[in-house]
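Inspection log for the structure reproduced underneath, given as structure tokens.
Since the model is a prediction, treat every value here as computed from it, not as a measurement.
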Amino acid sequence: MLSKKIKQAMAGSSAIRAMFMEGKEMAARYGAENVYDFSLGNPATPAPEKIKTAIYDILDKEDPLVVHGYMANAGYEEVREAIAENLNERFGTNFHGKNLIMTVGAAGGLNIIFKTILDPGNEVMVFAPYFGEYKSYAANFDAKIVEVMPDEADFMPDLADFERKITKDTRAVIINNPNNPTGVVYSDATLKEIARILTAKEEEFGTDIYLISDEPYRELVYDGVQENFLTKYYKDTLVGYSFSKSLSLPGERIGYVVVPDEAADSAELIEGITVSNRTLGFVNAPSLIQKAVAECLKEKTNLEFYDRNRIALYEGLTKLGFTCIKPQGAFYLWLKSPVAKEEEFVEAAKKYHLILVKGSAFGYGGYVRLAYCTSYETVVNSMQAFAKLATEYGLKAAE
């Protein structure tokens, strides 16, 4: 017999992964070159060369009993110190190794934070559209997701809706910046206002409300947009990070959590998150890749690769008459469905071997997400398929 909780999780299984698997099946039938799969945020540019050389050097020079052995549940001390120093240099922060816990990716980081701060019935606020797995992570600890609606003109959060929905049960607010699925980067003014509202609500309710900054796309920004770090806006900010996108290492499952000293109950939080790393079964983040990323903190993925795809996809689709939000970060494009039920649009796209993900998987219908972390050839070659799809819906190409 399966548990009720896992049955619910299976019923809400990821639409993104389902479309990814459908794309693979379609590629097997028609040939990968004839299928335009924009489903999964799986980087198509390789990790920097220094990752490979760092791994070789570690395996060649370090004691294998250390490299492959247990360490403190929070991770290697020297790795956490190196990351803290890198953050301080880049963002003017004042972290030490003790402020960091190495995690099994950003997902592992969010789950150990949730286990530490959530009780059943607590509320976790998300800004729609949002990464759908947040709902599953909250459900792991019997917490409720509260959705804040966006301003559809620019997909910034509707801050009046946000302020109205905060209650005495609000325990955490997740912000994903740059945003998956829209590619929107929240403005400085928006972040300051979120911080102001949260500070006022903490005082009103006499509670601690943690702002959890989920930052796997922090370095993926375009058009002169600067990388940002949210601890400067609000003292009760916790940061979850992954090297999956910044160094093209999604399968290695390596990231970290930052707990600033300024956060409420910071020492207990650090201890609780560290214990949660063990009791949830992660025990510690993967040892070899911890050491490797510590040697590559100044390395970056090929941002020009994504930027080229971004421009080609956005300009190509808008010329065909589609309405899109121009992304300034991450590697996703948010396209308005020509029909209210975007599921119908997703199904129609399959006729032309286009694999898209429905917006309702991100808590906001009427749109679809395209992950342009694919090859440039896929983006360019997909335009003939999108042209047929545009014609089917009677869209007028731009003059």
Side-chain angles (χ1 to χ4, degrees), residues 11-26 35-42 126-136 145 147-158 161 176 178-184 309-310 313-374 378-379 382-398:
S13 186
S14 173
I16 303 169
R17 287 281 173 173
M19 293 303 295
F20 172 65
M21 294 308 298
E22 193 161 348
K24 288 178 72 69
E25 292 168 4
M26 197 177 287
V35 176
Y36 314 107
D37 188 349
F38 296 98
S39 62
L40 190 63
N42 191 26
V126 294
F127 297 116
Y130 60 93
F131 181 51
E133 297 287 19
Y134 291 162
K135 189 176 290 185
S136 299
I145 286 286
E147 298 174 345
V148 178
M149 291 298 103
D151 180 340
E152 203 165 305
D154 57 8
F155 277 90
M156 292 288 175
D158 180 337
D161 188 50
N176 179 214
N179 179 260
N180 171 16
T182 64
V184 164
N309 284 0
R310 176 184 75 110
L313 187 62
Y314 176 76
E315 291 184 350
L317 290 172
T318 53
K319 284 178 182 177
L320 291 171
F322 290 104
T323 299
C324 312
I325 298 296
K326 187 175 185 180
Q328 289 191 300
F331 42 50
Y332 305 108
L333 184 137
W334 192 237
L335 182 151
K336 187 173 179 61
S337 170
V339 290
K341 292 184 177 180
E342 83 277 8
E343 295 91 340
E344 296 176 11
F345 180 59
V346 169
E347 286 300 313
K350 291 179 190 176
K351 294 185 295 186
Y352 308 106
H353 302 173
L354 291 161
I355 306 298
L356 317 176
V357 180
K358 62 183 181 179
S360 53
F362 305 95
Y364 201 84
Y367 285 76
V368 298
R369 190 195 77 170
L370 286 75
Y372 55 82
C373 50
T374 183
T378 295
V379 173
S382 72
M383 286 303 134
Q384 50 84 24
F386 276 114
K388 294 175 183 176
L389 187 60
T391 299
E392 178 175 337
Y393 282 95
L395 299 181
K396 184 179 180 181

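- Aromatic ring pairs are classed by plane angle as parallel below 30°, tilted from 30° to 60° and perpendicular above 60°; the pair F322 and F345 is tilted.
- Using the six-membered ring where Trp is involved, F155 and W334 have ring planes that are perpendicular, over 60° apart on the 30 and 60° scheme.
- When the options V184, L313, L333 are evaluated for a side-chain contact (heavy atoms from CB on, under 4.5 Å) with P327, the one that passes is L333.
- Across all their heavy atoms, R369 and P181 have their closest contact at CD-CB, 3.3 Å.
- In this structure, the side chains of V357 and L40 stay at 4.5 Å or more apart for every pair of heavy atoms.
- To the nearest 0.5 Å, the span separating CG on L354 from OG on S39 amounts to 11.5 Å.
- Within the 3.5 Å criterion, the main-chain N or O of P157 finds no donor-acceptor partner in the side chain of D151.
- The distance from the CD atom of Q328 to the OG1 atom of T182 is 10.5 Å, given to the nearest 0.5 Å.
- The structure places NZ of K350 at 13.0 Å from CG of L389, a figure rounded to the nearest 0.5 Å.
- Of all non-hydrogen atoms in I145 and K135, the two that sit nearest each other are CG1-CA, 3.6 Å.
- Using a 4.0 Å cut-off between charged nitrogen and carboxylate oxygen, K351 and E392 count as a salt-bridge pair.
- The minimum heavy-atom distance between G329 and Y372, with the atom names listed, is O-OH, 4.1 Å.
- Atom-to-atom distance recorded for S382:OG and L356:CG is 9.5 Å, nearest 0.5 angstrom.
- Using a 3.5 Å distance cut-off with no hydrogens or angles, the side chains of E152 and Y367 do pair a donor with an acceptor.
- Proximity of Y332 to N179: side-chain heavy atoms (C-beta onward) are nowhere separated by under 4.5 Å.
- Pairing each heavy atom of G363 with each of A128, the nearest pair is O-CB, 4.0 Å.
- Within the 4.5 Å cutoff, side-chain heavy atoms of M149 are placed close to those of Y364.
- The shortest distance between side-chain heavy atoms of L335 and T323 does not fall below 4.5 Å.
- Proximity of S360 to E342: side-chain heavy atoms (C-beta onward) are separated by under 4.5 Å at one or more points.
- With N309 contributing its side chain and T374 its backbone, the two residues share a donor-acceptor pair below 3.5 Å.
- Within the 4.5 Å cutoff, no side-chain heavy atoms of K319 are placed close to those of M383.
- Considering only heavy atoms from C-beta on, N180 stays 4.5 Å or farther from F331 through its side chain.
- Looking only at side-chain heavy atoms (C-beta outward), I355 and F38 stay at 4.5 Å or farther from each other.
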Problem set entry | Worked verdict on E147 versus F127 for side chain to side chain contact (heavy atoms under 4.5 Å, CB included) | CA-CA 6 Å; E147 298 174 345; F127 297 116; over 6 Å; no

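- At a threshold of 4.0 Å, the pair K358-E347 does not count as salt-bridged, since none of the basic side-chain nitrogens sits closer than that to a carboxylate oxygen.
- Between P178 and A330 the shortest heavy-atom distance is CB-N, 3.7 Å.
- Ring centroids of Y36 and Y352 are separated by 6.0 Å or more, keeping the two rings apart.
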